Each structure stands twice: as structure tokens, then as C-alpha cells.
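Hydrogens, waters and symmetry mates play no part in the numbers below; they use all other heavy atoms, side chains included. Model, not experiment: these values are computed from the prediction.
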Amino acid sequence: MHELPVTENILEIALRHADKANARHVKTIYLVIGQLASIVDDSVQFYWDIVAKDTIAEGAILNFKRLPATLQCQVCSLRFSPDQDDFSCPDCNSSNIKVVSGDEFYLEAIDIE
Amino acid sequence: MTQRISVVENILNANDQLAEQNRLLLNRNGVFSLNFMASPGAGKTSLVERTIIGLQNQFRLAVVDGDIATSLDADRAAAAGATAIQINTGGECHLDAVMLHNALGKLHLDVLDLLIVENVGNLVCPASFQLGTHKSILIASVPEGDDKPYKYPGMYSGVEALVINKIDLLPYVTFDMDYFQKGVETLNPGVVTFPLSCRTGEGLDHWLAWVKEQVTYAKF
């Protein structure tokens with residue numbers, strides 16, 4: 001549900017950087033989303049078509065790069081990506097795990113003309 | 001000709017910056033603040049009431065209540081004896097830093113010791129939006145089931161304390177405390193946990209003692 005304000009932020013950031021570069025048109029927007037960041041691609045795309053209308057980013061393609069979560073076992077130091085609901089270490093079965101990455105959510109780059 | 005521009009900017013940056021301003025505003029006024037997050041029906045408002053009643057002789061309290069509609073929760077907080085401000089988000093599934101900022105403007109912060117922010121009932125979105133509060137509290141409840149840490153890792157990993165409400169219902173529902181705790185320990189090792197019942201009052205003394213300690217020794 002919070003994809004609307006999120007999509008407005010994406011537009012604001014993209015337009016600001018496009019403006020600085022004197023762009024006439026924003027063609028592609030590259031987004032990076034971690035597995036643990038609760039963002040739904042389809043929903044962002046839906047709002048995008050509405051919020052970007054009548055701006056120089058209208059019609060821009062949204063490119064979603066999903067990053068898997070990385071966990072690290074605090075016992076044997078193994079780094080791994082978790083299965084659906086099993087966050088324990090696949091090697092030593094310990095549940096003493098630290099989340100290393102997976103909550104990223106940023107705008108990486110834009111293609112402009 | 002197409003040209004690629006590197007941006008690398010956090011999409012929630014604007015919210016996070018305003019959250020930082022909220023934090024500074026609270027710090028300047030010496031107000032310690034808690035952000036209560038939970039699914040609908042877990043007992044956020046019941047814990048707000050219990051906390052007000054338990055601590056109002058020691059601290060000056062206010063509550064900011066976030067809901068999609070109605071002022072039912074703020075009415076309950078006010079009836080329990082605290083100053084209460086209702087934020088109606090009008091459909092938004094979480095509070096954000098802007099909404100809290102506006103609510104802070106309606107409070108006399110200089111005469112407060114403790115502010116409780118009751119977020120919108122939701123185990124997903126509130127975890128992504130910093131408010132500027134000092135500590136985030138997750139209120140789980142036994143009838144929700146023991147698999148919630150596994151299903152909502154973002155929420156369970158980002159809080160400083162966990163309340164497990166409705167423990168008086170443990171004999172009547174299927175809830176494996178070990179399985180639940182294992183998930184919590186994986187996502188948030190060592191997080192302080194308060195099993196309690198807002199209905200019977202069991203376990204509330206530990207919670208109230210912890211809040212009292214936080215407010216008393218808060219460093220701004």
C-alpha cells in the first residue's frame with residue numbers, strides 16, 4: 001500500500017538528477033530492491049504510470065534489480081541466502097544468524113536523453 | 001543520444017531526514033519517545049492504556065495515535081489520562097515522519113517526559129518508515145500464531161523491544177513459544193522481550209519497569 005509515496009519519491013529523485021543534467025527525457029530508471037524490503041514491483045509500476053504523466057519521465061521504463069538477502073551464521077561464519085521460512089544455517093544448523101544485507105532500496109541510475 | 005547518470009540515492013531519504021529532525025526536536029525538549037508497532041488487534045491500544053495508567057504518576061505523557069480512520073484509539077488514550085492526538089492517515093498503511101512532525105507541532109513538548117506513538121496496525125509498512133522516535137517496540141500476540149517472525153522479518157529485525165501480549169490465552173491456542181523465540185533470536189539476537197497480558201496484568205510490571213528505566217536514563 002505504501003508504494004504510492006515511494007513512487008513519488010522515485011519520481012522526485014529522477015527528475016532532480018535529470019534536471020541537473022539538462023535532460024529532455026528520462027528513458028530508464030534503475031532501481032535496486034533487497035529481498036527484505038517490502039516493495040512490490042507491479043504496484044510501483046502501476047503508480048508510476050500515473051505520477052510520471054506529463055513530466056519528462058513519462059513512459060520511462062522501470063528496471064527492478066532484486067538483491068537476495070544475505071545472512072551470516074555467527075557460529076561457523078557461513079554466508080548464505082535464506083530459504084522461504086528457514087533462516088537457520090544450512091551447514092551447521094545454528095539459528096544464531098545475522099542479517100548482512102537485503103533491506104536495500106535505492107535508485108541506482110537513470111538513462112536520459 | 002542516451003546517457004546513463006549514476007544516482008545511488010536512498011528512496012526513503014526525504015523521510016529519513018525529516019525523521020532526524022523529529023528526533024532533534026524531541027531531544028531538545030527532553031521527551032523520550034516510543035513507536036508501538038503491531039498487527040491490528042495485537043493490543044497496541046491496550047498496552048498504551050496500561051502504560052499510561054502505570055506511569056502517569058511518575059511521568060508527563062502524551063500519545064500520538066495513527067489510524068486510517070476514526071479517533072477511537074486517541075479517545076481511549078485520553079480516557080486513560082494522557083494528552084492524545086489522533087492522526088488519520090486517510091488510507092495510508094503506516095505513519096511517516098511528516099505525519100509525526102505535524103502532530104508534534106500540536107503538542108506542548110516542553111512539558112512532556114514520554115511520548116508514545118501508536119502506529120497503524122500493520123506488520124509490513126511501518127518498518128520501512130523511520131519516525132524519529134527513540135525506540136521501536138513490536139507488540140506480538142499469542143493468537144496471531146508462532147510463525148510471524150518468519151513471515152515478517154523486516155518488522156521483527158528492526159525493533160529494540162518485543163512485547164508478547166495475551167499470554168493468558170496460551171492454554172487455548174496453538175502457539176509454540178520455542179519456535180517463535182527461535183525466529184526472533186535469528187532476526188534480532190538478544191532483543192529484550194516482555195511476555196505479558198494486558199487483560200490480566202501478568203508480566204506488566206517488567207514492561208513498566210523497563211519503560212521507566214528508559215525514560216529516566218534517556219540521554220538526549
Side-chain angles (χ1 to χ4, degrees), chain A residues 1-14 16-40 44 69 71 73-74 82-89 94-99 102-113, chain B residues 1-18 66 68 89-99 119-130 145-158 178-190:
Chain A
M1 278 285 279
H2 69 238
E3 275 79 357
L4 174 57
V6 158
T7 311
E8 288 168 342
N9 282 355
I10 293 170
L11 179 67
E12 186 273 322
I13 295 169
R16 183 154 37 79
H17 285 267
D19 195 47
K20 244 191 298 183
N22 293 319
R24 282 181 295 111
H25 188 51
V26 180
K27 293 190 72 175
T28 313
I29 292 173
Y30 297 90
L31 300 164
V32 177
I33 308 176
Q35 185 186 333
L36 302 178
S38 316
I39 302 294
V40 182
V44 173
L71 309 181
C73 176
Q74 301 299 289
D83 281 345
Q84 279 279 310
D85 92 344
D86 186 8
F87 277 35
S88 50
C89 177
S94 163
S95 61
N96 188 357
I97 302 297
K98 220 174 142 183
V99 178
D103 56 1
E104 302 82 358
F105 183 37
Y106 59 90
L107 204 166
E108 188 173 38
I110 54 176
D111 284 346
I112 58 165
E113 275 183 344
Chain B
M1 207 184 67
T2 303
Q3 180 195 351
R4 180 159 305 175
I5 300 177
S6 173
V7 176
V8 192
E9 193 169 318
N10 193 328
I11 287 158
L12 296 175
N13 212 12
N15 182 75
D16 293 351
Q17 282 173 11
L18 193 58
I68 287 174
T89 63
E92 286 290 351
C93 48
H94 59 272
L95 291 180
D96 63 25
V98 179
M99 297 181 209
N119 219 309
V120 180
N122 182 334
L123 282 181
V124 185
C125 314
S128 304
F129 290 82
Q130 292 183 42
D146 50 24
D147 57 356
K148 292 301 167 287
Y150 304 90
K151 294 174 80 171
Y152 301 94
M155 179 60 80
Y156 275 82
S157 61
D178 288 341
Y179 179 65
F180 178 85
Q181 296 274 29
K182 186 183 168 212
V184 171
E185 192 54 29
T186 300
L187 293 160
N188 200 336

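Within the 4.5 Å cutoff, no side-chain heavy atoms of A:Ile29 are placed close to those of B:Val7. With contacts defined as side-chain heavy-atom distances shorter than 4.5 Å, the pair B:Thr2/A:Ile112 does not qualify. Proximity of B:Glu92 to A:Pro5: side-chain heavy atoms (C-beta onward) are separated by under 4.5 Å at one or more points.
The line from CG of B:Asn10 to CZ of A:Phe105 is 8.5 Å long, rounded to the nearest 0.5 Å. With values rounded to the nearest 0.5 angstrom, A:Ile110 atom CD1 is found 10.0 Å from B:Ser6 atom OG.
Residue A:Ile39 does not touch chain B at all, counting heavy-atom pairs closer than 4.5 Å.
Here A:Leu107 is the residue among A:Val32, A:Leu107, A:Asp103 with the most heavy-atom pairs under 4.5 Å with chain B. Contact count against chain B (heavy-atom pairs under 4.5 Å) is highest for A:Arg16 among A:Glu104, A:Arg16, A:Gln74. In terms of heavy-atom pairs under 4.5 angstrom with chain A, the leader among B:Glu9, B:Glu185, B:Met1 is B:Glu9. Between chain B and the residues A:Lys27, A:Glu108, A:His25, the largest count of heavy-atom pairs under 4.5 Å involves A:Glu108. Most heavy-atom pairs under 4.5 Å with chain A: of the set B:Val124, B:Val8, B:Asp96, B:Asn15, this distinction falls to B:Val8.
Between A:Tyr106 and B:Ile11, the shortest heavy-atom contact is C-CD1, 3.6 Å. Taking all atoms of both residues into account, the shortest heavy-atom contact from B:Phe129 to A:Val6 is CZ-CG2, 4.2 Å.
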